[in-house]
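Position 1 is the first residue of the sequence; numbering continues from there. Keep in mind the model is a prediction, meaning the values are calculated, not measured. Side-chain atoms are counted along with the backbone in the values below, which use heavy atoms only and exclude waters and symmetry mates.
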Amino acid sequence: MEPLKEERYKKIRILILFLLMNLCFYGIFSVEHFAADTYVSENVGWADTAALYFSNGRWLMTLICLFSGFFHISFAVEKTLSWAMAIIFLSLAELVIYGLLKKRTRIEEKYNLSWLLMIFSSFMMISNLFVLEYFIFPEYTGAICLGIFFNILEVKFVLKFLEGGSWKSFVLGVFLGTIGMMGHQGAFGITAVLLILLAKDTFANVKMFVKNTVVIGGAYLIPCVANVILTKLAGSARVAGKLQILESLKAAVGQIADLLMTTANFMPKYVYFVMCIIAGGAVLVLVIMKKDIKRLLHVFYVAVVFLLAVISPFLMTEAVYISVVPRTVYVMGAGMGIILILYLLLEDKSRLRIYAAAGYAVLFLGIQYFNTCQMETSHYVSVGIDYYDVNYIAQQVWIYENDTGNQINRICIYTDDSPLGIYYGLTGYGAINERVMSNTWAAGNVYKRFTGTDYIIEEGDPQVYEQYFKGKNWHYLDDEQIVFIGDTLHLCLY
């Protein structure tokens with residue numbers, strides 16, 4: 001077989017492998033599901049949803065919304081297409097990283113453990129621990145993962161420039177990165193980390209260090225600045241009007257530390273942190289044993305850039321809007337992938353250590369897979385609970401209307417003393433797998449979506465609250481939470 005054709009077939013086989021891995025982890029999301037934002041979007045329509053994403057600088061999703069609206073694509077169809085886009089573009093991004101790793105490490109493409117470690121590290125960088133949250137938002141998942149693919153293409157072209165390519169490669173890379181950041185800003189930090197990780201000879205001499213740092217810094221900062229300017233011009237309030245770095249830093253660091261330990265329950269508490277510390281410590285010991293100061297400097301440089309990539313996006317955000325969740329610190333979920341790549345760059349020939357690294361990677365992915373399945377199951381159960389609650393309430397509305405002749409046109413939303421976000425026995429964190437019917441700003445949209453009604457949603461009446469709901473704390477849906485007065489449904493969320 002011709003070498004070019006054989007190389008093409010090899011790439012197709014590797015791509016299929018990544019597709020299968022992503023389907024194993026995230027294939028369930030092909031089944032229709034909802035997040036709080038989904039209910040809002042499905043009620044307001046494509047045009048208003050496009051305007052919202054436009055104002056937040058997430059223009060890839062804006063284009064998808066406009067396209068869907070123009071061709072009258074339903075939300076159900078768009079969500080399925082979004083899932084398919086996510087699986088495909090994550091796999092393509094992993095294929096690109098695999099190619100870069102193969103070139104950088106000079107590991108032969110034989111089906112052995114070293115090759116398997118390249119597969120694992122590529123997958124763990126892109127379909128990392130925190131990518132799961134992107135799948136929670138079904139209509140938006142595809143745009144985010146398309147953005148991630150563009151970010152990885154920027155890495156490819158900027159590295160090509162650093163290795164002696166023309167300025168066209170750098171300009172093209174920055175352009176692709178600027179587009180990629182329009183997927184989701186929280187995913188862009190991985191670009192800087194991969195560039196520092198895979199750039200050759202950064203510490204060969206002072207000139208190379210300065211050159212690589214300036215080029216990589218420019219490749220990261222130019223898309224960032226462009227997105228900040230565009231987002232501010234689009235009218236977003238999230239971008240700081242004036243820089244208050246200390247306030248933003250204080251707001252972010254504590255939340256980042258907490259998320260590092262809890263991982264939003266994507267893994268058992270402390271497991272991710274401890275496993276990364278153990279693996280990182282082992283790699284550091286191996287680097288020290290080699291007595292190569294350049295490799296040691298590279299490891300510390302990667303660590304510093306990793307920390308900056310996690311923290312820096314929040315420095316341009318008003319402190320009040322800072323929310324450190326997996327989707328805003330995507331690169332933080334790639335810690336094990338980064339450590340594994342650092343190990344591959346050592347070109348370690350010890351079979352014992354290669355076996356140990358492969359076993360450790362399998363253990364990590366196994367834990368990630370188990371907890372991903374747990375999260376996915378809880379997500380669909382939570383959606384099912386919302387669906388049941390809405391249908392029960394709708395049944396009570398039907399009985400009331402038939403008994404009294406009144407027609408319900410309005411909903412007033414209240415909450416009991418302690419609303420139950422994550423239902424008993426389910427796994428979630430914050431808004432992830434939250435019962436949307438415990439959320440005052442979204443519950444009305446859930447009701448309208450599942451019943452097909454167009455009720456007016458109003459603020460609660462203090463007198464009604466005092467009489468029927470004050471001091472109550474329900475653990476499940478109860479008839480006492482559903483009060484009818486005239487044409488208004490007064491609903492107390494539990």
Identify the two heavy atoms, one from Thr62 and one from Ala50, that lie closest to each other, and give their separation to 0.1 Å.
OG1-O, 3.4 Å
Test item: side-chain donor near acceptor, Asn22 and Ser91, under 3.5 Å
yes
Which pair of non-hydrogen atoms, one from Ala219 and one from Val158, has the smallest distance, and what is that distance?
CB-CG2, 3.9 Å
With Arg104, which residues qualify under salt bridge (charged side-chain N to carboxylate O under 4.0 Å, His left out), at least two apart?
none
Would Phe34 and Phe450 count as a close aromatic pair, with their ring centres under 6.0 Å?
yes
By salt bridge (charged side-chain N to carboxylate O under 4.0 Å, His left out), which residues pair with Asp348, not counting sequence neighbours?
Arg353
Any donor-acceptor pair under 3.5 Å from Asn433 side chain to Ser378 backbone
no
Grab the two heavy atoms, one from Gly180 and one from Phe150, that are nearest each other, plus how far apart they are.
CA-CB, 3.6 Å
For Leu101 and Ser121 the tightest heavy-atom approach is CD1-OG, 3.3 Å
Of the options Asn128, Ile136, Leu259, Thr263, which is the one that meets Pro326 in a side chain to side chain contact (heavy atoms under 4.5 Å, CB included)?
Leu259
When you compare the side chain of Ile338 with that of Val193, does any pair of heavy atoms fall below 4.5 Å?
yes
What one should report as the nearest heavy-atom pair of Ala394 and Tyr447 is CA-OH, 3.4 Å
Which pairs, with at least one residue in residues 363-372 and sequence neighbours excluded, count as a side-chain hydrogen bond (donor to acceptor under 3.5 Å, both in side chains)?
none
Output the distance between atom OG1 (Thr191) and atom CD1 (Ile152), rounded to the nearest 0.5 Å.
6.0 Å
Ring centre gap for Phe188 and Tyr220 strictly below 6.0 Å
yes
Taking the side chain as C-beta and beyond, is there a heavy-atom pair between Asn56 and Met61 under 4.5 Å?
no
By salt bridge (charged side-chain N to carboxylate O under 4.0 Å, His left out), which residues pair with Lys269, not counting sequence neighbours?
none
Close aromatic pair by centroid cut-off 6.0 Å: Trp59 and Tyr53:
no
Side chain Thr231, main chain Val228, donor-acceptor under 3.5 Å:
no
Specify whether Phe149 and Phe89 have parallel, tilted or perpendicular ring planes, treating 30° as the upper limit for parallel and 60° as the lower limit for perpendicular.
tilted
Measure from the side-chain N and O atoms of His379 to the backbone N and O of Ile432, and report whether any donor-acceptor pair falls under 3.5 Å.
no
Centroid separation under 6.0 Å, is that true for the rings of Phe364 and Phe120?
no
Less than 4.5 Å apart, side chain to side chain, heavy atoms only: is that true for Ile126 and Val131?
no
Residue pair Tyr476, Ile385: steps toward the side chain to side chain contact (heavy atoms under 4.5 Å, CB included) verdict:
CA-CA 10 Å; Tyr476 50 84; Ile385 292 171; over 6 Å; no
Hey, could you give me the CG/CG distance between Asp37 and Leu52, rounded to the nearest 0.5 Å?
8.0 Å
Is it true that the NZ or CZ of Lys472 lies under 6.0 Å from the centre of Tyr465's six-membered ring and within 45 degrees of the ring axis?
no
SG of Cys65 to CZ of Phe54, rounded to nearest 0.5 Å, is 12.5 Å
Closest heavy-atom contact between Ser114 and Ile107?
CB-CG2, 3.8 Å
So Ile119 and Ile14, do their side chains get closer than 4.5 Å, heavy atoms only?
yes
Does a side-chain heavy-atom distance below 4.5 Å link Met437 with Ile393?
yes
With no hydrogens and no angle check, do the side chains of Asp386 and Tyr39 hold a donor and an acceptor under 3.5 Å apart?
no
Return the set of residues passing ring-ring contact (aromatic ring centres under 6.0 Å, His included) with Tyr26 (not counting sequence neighbours), or none when no residue passes.
Phe135
Side-chain touch Ile482/Tyr392, heavy atoms, less than 4.5 angstrom
yes
Applying side chain to side chain contact (heavy atoms under 4.5 Å, CB included) to Met85 and Ile64, what does each step give before you reach the verdict?
CA-CA 12 Å; Met85 284 176 61; Ile64 290 173; 4.1 Å; yes
So CD1 of Ile339 and CG of Leu197: to nearest 0.5 Å the spacing works out to 11.0 Å
Could you give the distance from CG (Leu100) to CG (Leu194), rounded to the nearest 0.5 Å?
8.0 Å
Just so I know, are the side chains of Tyr272 and Thr262 near enough to count as touching, which here means a heavy-atom distance under 4.5 Å?
no
Is a donor from one side chain sitting under 3.5 angstrom from an acceptor on the other, for Thr38 and Glu139?
yes
Check the pair Arg327, Tyr134 against side chain to side chain contact (heavy atoms under 4.5 Å, CB included), reporting the backbone distance first and the verdict last.
CA-CA 6 Å; Arg327 65 181 178 273; Tyr134 292 145; 3.3 Å; yes
Extract all donor-acceptor atom pairs below 3.5 Å that involve side chains of residues 413-424 and protein atoms in other chains or at least two apart in sequence.
residue	atom	partner	partner atom	Å
Tyr414	OH	Asp461	N	2.8
Tyr414	OH	His490	ND1	2.8
Asp416	OD1	Ser418	N	3.0
Asp416	OD2	Trp474	N	3.0
Tyr424	OH	His475	ND1	2.5

Examine distances only and state if a side-chain atom of Gln255 and a backbone atom of Ala252 form a donor-acceptor pair shorter than 3.5 Å.
no
With the side chain counted from C-beta on, respond yes when Arg58 and Gln185 share a heavy-atom pair under 4.5 Å apart, and no when they do not.
yes
Walk me through whether Met332 and Leu129 qualify under side chain to side chain contact (heavy atoms under 4.5 Å, CB included).
CA-CA 9 Å; Met332 196 164 85; Leu129 184 64; over 6 Å; no
Phe25: which of Phe266, Phe370, Phe123 passes ring-ring contact (aromatic ring centres under 6.0 Å, His included):
Phe123
